[in-house]
K.L.:
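Please find one structure pasted underneath; my questions will follow.
Here the structure is a predicted model, which is why all the values come from computation and not from measurement.
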Amino acid sequence: MAKRFFLTTAIDYPNSRPHIGTAFEKIGADVQARYRRMEGYEVFFLMGNDENTIKVARRAQELGEGVQAYCDRMAGEFKEVWAALGISNDDFIQTSEARHHAGCRAFIQKVYDAGYIYKAGYEGWYCDGCEAFKTEKELEDGKCPAHKVPAVRRKEDCWYFALSKFQDKLLAFYEANPDFIEPESRRNEVMNLVKTELLDVNITRSGQDWGIRLPWDERFTIYVWFDALLNYITAAGYGSDMDRFGKWWPADLHVIGKDITRFHCALWPAMCMAAGIAPPKRVFGHGFVYIKSGQETVKISKSLGTLVEPMDILRKFSAEAFRYYFLRECPFPGDGEFSWKRFADLYNSDLANNLGNLYSRVTGLVGRNFGAVLDGTAGRRAVLPVGEISRAELVARYRQQVESLHYNQALATLWQGVLVPANQHAEKMAPWSLVKTDKAAAAVVLHDLVEAVRVAAVLLKPFLPKLAATLYGGFNFAKPFEAVSTADALESPILPEDTRVIAELVGGKVAPLFPRIDLEADTKE
RNA sequence: CGCGGCGUGGAGCAGUGGUAGCUCGCCAGGCUCAUAACCUGGAGGUCGUAGGUUCAAAUCCUGCCGCCGCAACCA
């Protein structure tokens, strides 16, 4: 029986380019996808863009582009960024695609047939500029703050989803599935919401050209959330390939931003129940990235000029450095901050000085003193230098932390449990001196240090895949890197031949993996 | 009293009853294989605050102060 893991990220509005906040979510989901693959799961990792919104249509018009052409162009730009970051998604759905339209209409028809959608009038303040209803709170002196024109009273028919009918079922569902909403604080928030004010929601708009039409009333298009959430099932085959859908659904994990928790934890499971399919198994609401400028911590915002594009960082450094910063510095369940100063500090201390330098010194010692081959290590099982916790405990802790999406802690575990002890061991045994008096003993020390590099590569595989491959590929380990799983960190392998460095050595040394950053010289805009 | 979360050395975080810990930064030594990297030691905290429970509280309870999130289209 194959183990399967279906995970998703939120789909993004393509009316502006992705920034480091959206990238944070994709990286976090990517680690989980890579980890699950490494653990032997058959993985379906889904991402996409949310295109059936009036904002997108308007943006396309502003640019004088066809809406579909605009969506396709933006989808291309998003995919380019995700590829540059090493995101390993298996599919990328655009909600303007035929498969989504078909699945969406099939789903909503099912909910309609089940009696959970009804027609009613909606009356409210309407802004012609926004082409949308506004709440009393959004208006300033009866005017729309964006367009400065008075809102008009308007009444129109629309279709409602009877969300309120699902109050008891949702609460029972949360009780039965305590891990459904994570982290814990989000769970309390949603449960309180469902207990107190679960209102029916308007799920249609009228007079729109762009969007998906109601199957039974073509005058209406389906309003954002009722359409967007469905990407999770339409991409899995709902409405087009039900066998495939049955294979993947329910999703094992939805990775989303904390701001849209309510839609995923209340509306979405209710929609599933209404359509007769199982709700997803787990929703994880991650924190946000803020920008630190001077003493202030501010929101990422185009108008504030605090927008940092992933490509800015990627061009200057590397995808691996980018991934490391956000995964190590920002706790995934909570909020984090970005600043170039902090980026440089972390990069230099963790990646250049600690990890990169360990690799350099180990390969260098083997290269220059042993002609790259550690004689006599064939058949020997290396001993991993460890710190305060044992090797087994280290791996168990790592697993628990990765599976619960506490990535910053998992990386701390790796550094404290493997890399720091390795550098300490090197210092204590001083193989550079030992080699002059007892070459065989020095070979043993280096063999153990190589093991530390190997374990680091194994545990780094979901986090920094390219770097991990480079580290691992620096030596003649028998097992192909693609086949490596977490369990390979538990025990040292016994090689039939002597351990040797196969990375390219120039003058007995490797090129630095992470050249140190000089903040002054490198990050000036 | 709308609901919820948070408050630990300069910064960022662990730590849910038993001598306060990690990373960065700072200071002083050591080493010199390595990317001026690495290793050791040190300074720096009345764990927001005031009470309570307990032999023992950062940890459990209560009040207060401060910051933040949510209150239906916001990554």
K.L.:
Salt bridge check: are Arg205(A) and Asp227(A) linked by an N-O gap of less than 4.0 Å?
P.N.:
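Judged by the 4.0 Å cut-off on N to carboxylate O distance, Arg205(A) and Asp227(A) do not form a salt bridge.
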K.L.:
Calculate the interatomic distance between Glu182(A) atom CD and G4(B) atom P; express it in whole Å.
P.N.:
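Going from Glu182(A) (CD) to G4(B) (P), I get 20 Å.
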K.L.:
Is the shortest side-chain N to carboxylate O distance from Asp375(A) to Lys439(A) below 4.0 Å?
P.N.:
no
K.L.:
Atom NZ of Lys55(A) to atom C1' of A75(B): distance rounded to whole Å?
P.N.:
12 Å
K.L.:
Expressed as a whole number of angstroms, how long is the span from Leu365(A):CG to C33(B):P?
P.N.:
9 Å
K.L.:
Which part of the nucleic acid, if any, lies within contact of Leu193(A), taking any heavy atom under 4.0 Å across all strands shown: a base, the sugar-phosphate backbone alone, or nothing?
P.N.:
nothing
K.L.:
Of the candidate nucleotides A75(B), A72(B), U40(B), which contains the atom at the shortest distance from the side chain of Leu163(A)?
P.N.:
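So the side chain of Leu163(A) is nearest to A72(B).
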K.L.:
With rounding to the closest Å, how many angstrom separate the C1' atoms on G21(B) and U32(B)?
P.N.:
31 Å
K.L.:
Step by step, would you call Trp340(A) with Phe338(A) a ring pair (Phe, Tyr, Trp, His ring centres under 6.0 Å)?
P.N.:
CA-CA 7 Å; Trp340(A) 287 103; Phe338(A) 174 83; 5.3 Å; yes
K.L.:
Between C33(B) and C38(B), how far apart are the P atoms? Round to whole Å, please.
P.N.:
16 Å
K.L.:
Can you check the distance between U53(B) and C13(B), where both ends of the measurement are the C1' atom (answer in whole Å)?
P.N.:
30 Å
K.L.:
When rounded to the nearest Å, what value does the distance between P atoms of A20(B) and G44(B) take?
P.N.:
15 Å
K.L.:
Which listed nucleotide (A72(B), C39(B), A75(B)) is nearest to the side chain of Val420(A)?
P.N.:
C39(B)
K.L.:
Sort out for me which residue in Gln400(A), Gln401(A), Glu393(A) forms a side chain to side chain donor-acceptor pair (under 3.5 Å) with Arg397(A).
P.N.:
Glu393(A)
K.L.:
When the C1' atoms of U8(B) and U16(B) are considered, how many whole Å apart are they?
P.N.:
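Approximately 14 Å lies between the C1' atom of U8(B) and that of U16(B).
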K.L.:
Under 3.5 Å, which N/O atoms of the protein pair with N/O atoms of nucleotides 8-16 of chain B?
P.N.:
none

K.L.:
If you measure from the P atom in C22(B) to the same atom in A36(B), how many Å do you get, rounded?
P.N.:
27 Å
K.L.:
With distance as the sole criterion, is a donor-acceptor pair present between the side chains of His447(A) and Thr499(A) under 3.5 Å?
P.N.:
yes
K.L.:
Mind checking Phe514(A) for me? I need base, sugar-phosphate or nothing, with any heavy atom below 4.0 Å counting as a touch.
P.N.:
base
K.L.:
So what does Ser349(A) hit on the nucleic acid, given a heavy-atom distance under 4.0 Å: a base, only sugar-phosphate, or nothing?
P.N.:
sugar-phosphate
K.L.:
What contact category does Ala352(A) fall into here, base, sugar-phosphate, or nothing, at under 4.0 angstrom with non-hydrogen atoms?
P.N.:
base
K.L.:
Determine if Phe288(A) stacks with A75(B); use a centre-to-centre distance below 5.5 Å and an interplanar angle below 30° as the criteria.
P.N.:
yes
K.L.:
Give one of base, sugar-phosphate or nothing for Gly356(A), where a contact means two heavy atoms less than 4.0 Å apart.
P.N.:
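It contacts base atoms.
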K.L.:
Would you please classify the geometry between the Phe475(A) ring and the Tyr359(A) ring as parallel, tilted or perpendicular, with 30° and 60° separating the classes?
P.N.:
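Answer is perpendicular, since the angle exceeds 60°.
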K.L.:
Residues in side chain to side chain contact (heavy atoms under 4.5 Å, CB included) with Ala29(A), at least two apart?
P.N.:
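Ala29(A) satisfies side chain to side chain contact (heavy atoms under 4.5 Å, CB included) with Leu7(A), Thr9(A), Phe45(A), Val255(A) once adjacent residues are dropped.
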K.L.:
Nearest to the side chain of Gln424(A) - A71(B), U40(B), U23(B)?
P.N.:
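From the listed options, U40(B) comes nearest.
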K.L.:
If the P atom of C6(B) is compared with that of G15(B), how far apart are they to the nearest Å?
P.N.:
11 Å
K.L.:
Please work out which residues in residues 426-453 of chain A have a non-hydrogen atom less than 4.0 Å from an atom of RNA chain B and list them by number.
P.N.:
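Correct list: Glu427(A), Trp432(A).
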K.L.:
State whether Glu427(A) and Arg361(A) are salt-bridged, where the test is any N-O pair (Lys NZ or Arg NE/NH1/NH2 against Asp/Glu carboxylate O) under 4.0 Å.
P.N.:
yes
K.L.:
At 4.0 Å (heavy atoms only), tell me whether Lys195(A) reaches a base, stays on the sugar-phosphate, or touches nothing.
P.N.:
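Contact class for Lys195(A): none.
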K.L.:
How long is the line joining OH of Tyr174(A) and P of C3(B), in whole Å?
P.N.:
19 Å
K.L.:
Any side-chain N or O of Arg361(A) less than 4.0 Å from the OP1 or OP2 oxygen of A37(B)?
P.N.:
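Result: no.
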K.L.:
May I ask you to say what Asp259(A) touches in the nucleic acid, namely base, sugar-phosphate or nothing, with a heavy-atom cut-off under 4.0 Å?
P.N.:
sugar-phosphate
K.L.:
Rounded to whole angstroms, how far apart are CG on Asn423(A) and P on C38(B)?
P.N.:
7 Å
K.L.:
Could you tell me the separation between the NE2 atom of His425(A) and the C1' atom of U40(B), rounded to a whole number of Å?
P.N.:
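Distance, rounded to whole Å: 17 Å.
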K.L.:
Using atom CG of Asn348(A) as one end and atom P of U23(B) as the other, report the distance to the nearest whole Å.
P.N.:
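Rounding to the nearest Å, CG of Asn348(A) and P of U23(B) are 17 Å apart.
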K.L.:
Please report the distance separating the C1' of G7(B) from the corresponding atom of A50(B), rounded so that it comes out in whole Å.
P.N.:
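About 16 Å, rounded to a whole number of Å.
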K.L.:
Would you sketch RNA chain B in dot-bracket for me? Only Watson-Crick or G-U wobble pairs with both distances under 3.5 Å count, crossing pairs as [ ], other-strand pairs as |, the rest as dots.
P.N.:
.(((((((.[[[[.)..(..]]]].(((((.......))))).....[[[[[..)....]]]]])))))).....
K.L.:
RNA chain B: Leu355(A) or Gly287(A), which has the more 5' nearest nucleotide?
P.N.:
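That would be Leu355(A).
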K.L.:
Less than 4.5 Å apart, any side-chain heavy atom of Met271(A) and any of Leu230(A)?
P.N.:
yes
K.L.:
Restricting to non-hydrogen atoms, name the atom on Arg342(A) and the atom on Tyr325(A) that form the minimum distance, rounded to 0.1 Å.
P.N.:
CG-OH, 3.5 Å
K.L.:
Could you go step by step and tell me if Phe317(A) and Phe343(A) meet the ring pair (Phe, Tyr, Trp, His ring centres under 6.0 Å) rule?
P.N.:
CA-CA 11 Å; Phe317(A) 307 106; Phe343(A) 182 89; 5.1 Å; yes
K.L.:
If I take atom CG in residue Leu358(A) and atom P in nucleotide U35(B), what distance separates them, rounded to the nearest angstrom?
P.N.:
13 Å
K.L.:
5'-most contact on RNA chain B: Ile11(A) or Lys258(A), nearest heavy atom basis?
P.N.:
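Final value for this comparison: Lys258(A).
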K.L.:
Strictly below 4.0 Å: does Tyr347(A) bring a side-chain N or O up to OP1 or OP2 of C24(B)?
P.N.:
no
K.L.:
Checking Glu337(A) now: which residues fulfil salt bridge (Lys or Arg N to Asp or Glu O under 4.0 Å) with it, not counting sequence neighbours?
P.N.:
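Here the qualifying residues are Lys292(A).
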K.L.:
Knowing that exactly one of Trp225(A), Trp268(A), Tyr118(A), Phe166(A) qualifies, which makes a ring-ring contact (aromatic ring centres under 6.0 Å, His included) with Phe161(A)?
P.N.:
Phe166(A)
K.L.:
For residues 75-82 of chain A, tabulate all N or O donor-acceptor pairs below 3.5 Å that involve a side-chain atom, not counting sequence neighbours.
P.N.:
from	atom 1	to	atom 2	distance (Å)
Glu77(A)	OE1	Arg17(A)	NH1	2.4
Glu77(A)	OE2	Arg73(A)	NH1	3.1

K.L.:
Which one, U23(B), C74(B), A72(B), comes nearest to the side chain of Gln416(A)?
P.N.:
U23(B)
K.L.:
Show your working on side-chain contact (heavy atoms from CB on, under 4.5 Å) between Leu384(A) and Asp448(A) and close with a plain yes or no.
P.N.:
CA-CA 6 Å; Leu384(A) 180 73; Asp448(A) 293 343; over 6 Å; no
